[in-house]
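The structure under discussion appears below in the form of structure tokens.
Predicted model only: the values in this text are computed from it and were never measured.
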Amino acid sequence: MTLDPAFWHGKRVLVTGHTGFKGSWLSLWLQQLGAQCTGVGLAPSSSPSMFDLLQLESGMESRLADIRDYSALQELCGQARPEIVFHLAAQALVRDSYTDPRTTFETNVLGTVNLLDSLRRLPSVKVIVIVTTDKCYENNEHGEPFRETDRLGGDDPYSSSKACAELVTHSYRKSFFSLQQDQPQVAVATARAGNVIGGGDWARDRIIPDFMRAAASGQTLTIRAPEAVRPWQLVLEPLCGYLVLAQHCWHKPGRYAEAWNFGPAPSDTRSVRWIVEYLNSLLPQPVKIDYGQYQGPKEKMTLRLDSSKAHTALGWKPRCALETALQYTCDWYQAHRSQDNLYQLTLAQIDAYMHDKT
């Protein structure tokens, strides 16, 4: 099964974290598919923000709330009456999780509890996709790609919190969503993506936004872990996976309500050094790079994902090469600097992806 635009037309969809990087891309995509989209999340955390630049609020119901606020979240879910839910709201930065572990656990664990508890009594809900991360696995850096059956874990607070969110989701699935006798079963799945890249990300301590800020300012970019290897992918790749997964869950809730990896092709698992050097090859004026000795909190050096399960069972597979993803990303940020029409460019990139023109 591929992405079916007709399926999404008129569906009531709730997106948590809709003002963030991935949430903004997903919200725009759902709007273009004709879904009735409601977003719940905090105000954009950066200025500029993709959500504001593209004026996404005009095409959806946007509600500002903290997912740690159970009462507010419960009320908003009841008002939205969603049929399909994508949970993207999170504290998503590893280094921030060292600085403020309590907020990280409250947001990523208790926030997931609050959402699932708010949804379990809503008769409208048919599908819930909880987005976690490729870092939810216990990473002993053996170098092999992680499969969905591998042990969960996490040394740093962010990774640990996402592993906890996986366990919370499993418990709610088994305890409340799979045992209903008087109404159809609700499919609750989790999705684990790689390191997503694309236009519109202005987060701190992420390689692409940091690189683009250095390119715009002319300052030297310090790389903290140039030999770290990650599964890089265009943001549209996992988002397409989430949409396709939700379609499958809708039609066969008992079959697809489980964990899924959505990672890039094995050849697109590359080092940070390779990423910045390739980005520099795309620019007329390369960014100055300082490969200094990193002194910050420890991070895992190698991370790979095996997405063969999604390929075999869902018919999903990565379609955008990393070089193309980086070109798309550069095009987006250059358009922002040139004050071009970002809304039209973003739609064009979604359309090219959907029609396999990447």
Side-chain angles (χ1 to χ4, degrees), residues 17-29 32 43-57 88 92-93 95 193-224 226 228 230-240 264 268 270-290 318-354 357-358:
H18 68 300
T19 59
F21 167 50
K22 288 174 72 176
S24 293
W25 276 93
L26 180 58
S27 295
L28 178 60
W29 202 344
Q32 291 308 112
S45 60
S46 65
S47 181
S49 78
M50 182 175 177
F51 185 81
D52 289 336
L53 286 171
L54 272 59
Q55 299 181 336
L56 296 179
E57 186 173 5
L88 280 70
L93 299 174
R95 291 184 39 157
N195 283 45
V196 296
I197 61 175
D201 187 2
W202 276 279
R204 295 174 295 104
D205 292 329
R206 282 186 185 154
I207 186 60
I208 300 297
D210 287 348
F211 182 93
M212 294 303 170
R213 279 188 285 265
S217 65
Q219 295 180 346
T220 298
L221 174 62
T222 299
I223 302 297
R224 65 178 185 265
R230 295 290 184 266
W232 310 94
Q233 58 188 157
L234 183 68
V235 62
L236 296 175
E237 297 272 44
L239 295 184
C240 180
D268 287 339
R270 303 270 191 163
S271 70
V272 172
R273 183 188 297 272
W274 187 95
I275 293 292
V276 296
E277 290 179 354
Y278 191 86
L279 283 170
N280 260 340
S281 74
L282 301 177
L283 300 181
Q285 183 64 42
V287 171
K288 295 179 181 178
I289 305 297
D290 175 18
R319 64 178 71 174
C320 181
L322 180 54
E323 292 84 352
T324 303
L326 291 168
Q327 183 65 65
Y328 272 34
T329 302
C330 281
D331 291 346
W332 202 99
Y333 285 101
Q334 181 57 50
H336 174 254
R337 291 176 62 183
S338 303
Q339 299 184 330
D340 294 341
N341 190 323
L342 289 173
Y343 185 85
Q344 291 302 322
L345 174 62
T346 307
L347 287 181
Q349 292 189 354
I350 292 174
D351 183 71
Y353 181 85
M354 288 183 64
K357 299 176 183 177
T358 54

### Query
Taking it one step at a time, do Arg224 and Asp205 satisfy side-chain contact (heavy atoms from CB on, under 4.5 Å)?
CA-CA 10 Å; Arg224 65 178 185 265; Asp205 292 329; 4.0 Å; yes

### Query
Which is it for Leu93 and Arg206 under the side-chain contact (heavy atoms from CB on, under 4.5 Å) test, yes or no, and what are the steps along the way?
CA-CA 8 Å; Leu93 299 174; Arg206 282 186 185 154; 3.6 Å; yes

### Message
Pair Leu326, Glu323 - check side-chain contact (heavy atoms from CB on, under 4.5 Å), show working.
### Response
CA-CA 5 Å; Leu326 291 168; Glu323 292 84 352; 5.9 Å; no

### Task
Begin with the C-alpha distance, continue with both residues' side-chain angles, and end with the deciding distance and a verdict on side-chain contact (heavy atoms from CB on, under 4.5 Å) for Phe21 and Ser46.
CA-CA 10 Å; Phe21 167 50; Ser46 65; over 6 Å; no

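Between Val276 and Val287, the closest side-chain pair of non-hydrogen atoms is not below 4.5 Å. Side-chain contact between Met354 and Leu236 is absent, with no heavy atoms from C-beta onward closer than 4.5 Å. In this structure, Ile350 and Gln32 have side chains that are not in contact, with every pair of non-hydrogen atoms separated by 4.5 Å or more. Annotation: side chain of Met212 is in contact with side chain of Thr329 (closest heavy-atom distance under 4.5 Å). A 4.5 Å side-chain heavy-atom check between Ile289 and Asn280 finds at least one atom pair inside the cut-off. Two residues are said to be in side-chain contact when any heavy atoms from C-beta on lie closer than 4.5 Å; Trp274 and Trp232 fail this criterion. The side-chain heavy atoms of Thr346 and Met50, taken from C-beta on, include a pair separated by under 4.5 Å. Side-chain atoms of Ile275 and Leu322, non-hydrogen and from C-beta on, do get closer than 4.5 Å to each other.
The CG atom of Leu56 lies 7.5 Å from the OH atom of Tyr343; values are rounded to the nearest 0.5 Å. The CD atom of Gln327 sits 10.5 Å away from the SG atom of Cys320 when rounded to the nearest 0.5 Å. The distance from atom CG of Asp331 to atom OG1 of Thr324, rounded to the nearest 0.5 Å, is 10.5 Å. Put simply, CD on Gln339 and CG on Leu53 are 10.5 Å apart, with the number rounded to the nearest 0.5 Å. Taken from OG1 in Thr19 to CG in Asp52, the straight-line distance is 8.5 Å, to the nearest 0.5 Å. To the nearest 0.5 Å, atom CG of residue Asp351 and atom CH2 of residue Trp29 are 10.5 Å apart.
Side-chain contact check for Trp202 and Ser49: no donor-acceptor pair (N or O, by modelled atom type) lies under 3.5 Å.
When all heavy atoms of Leu239 and Lys22 are compared, the pair lying nearest together is CD1-O, 4.0 Å. For Leu234 against Ala325, the heavy-atom pair with the smallest separation is CB-CB, 3.7 Å. Shown here for Leu88 and Gly23, the closest heavy-atom pair between the two residues is CD2-N, 3.7 Å. Across Ala215 and Leu283, no two heavy atoms sit closer than the pair CB-CD1, 4.1 Å. For the residue pair Leu279 and Ile208, the shortest heavy atom distance occurs at CD1-CD1, 3.7 Å. Across all non-hydrogen atoms, the minimal contact from Ala335 to Leu345 is CB-CD2, 3.5 Å.
Judged by distance alone, with hydrogens and angles left aside, the side-chain atoms of Ser281 form a donor-acceptor pair with the main-chain N or O of Tyr278 at under 3.5 Å. Put simply, the side chain of Tyr333 never gets that close to the backbone of Pro209: no donor and acceptor are under 3.5 Å apart. The closest donor-acceptor contact from the side chain of Gln349 to the backbone of Tyr328 lies under 3.5 Å. Counting only distance, with no hydrogens or angles, the side chain of Glu237 and the backbone of Pro264 share no donor-acceptor pair below 3.5 Å.
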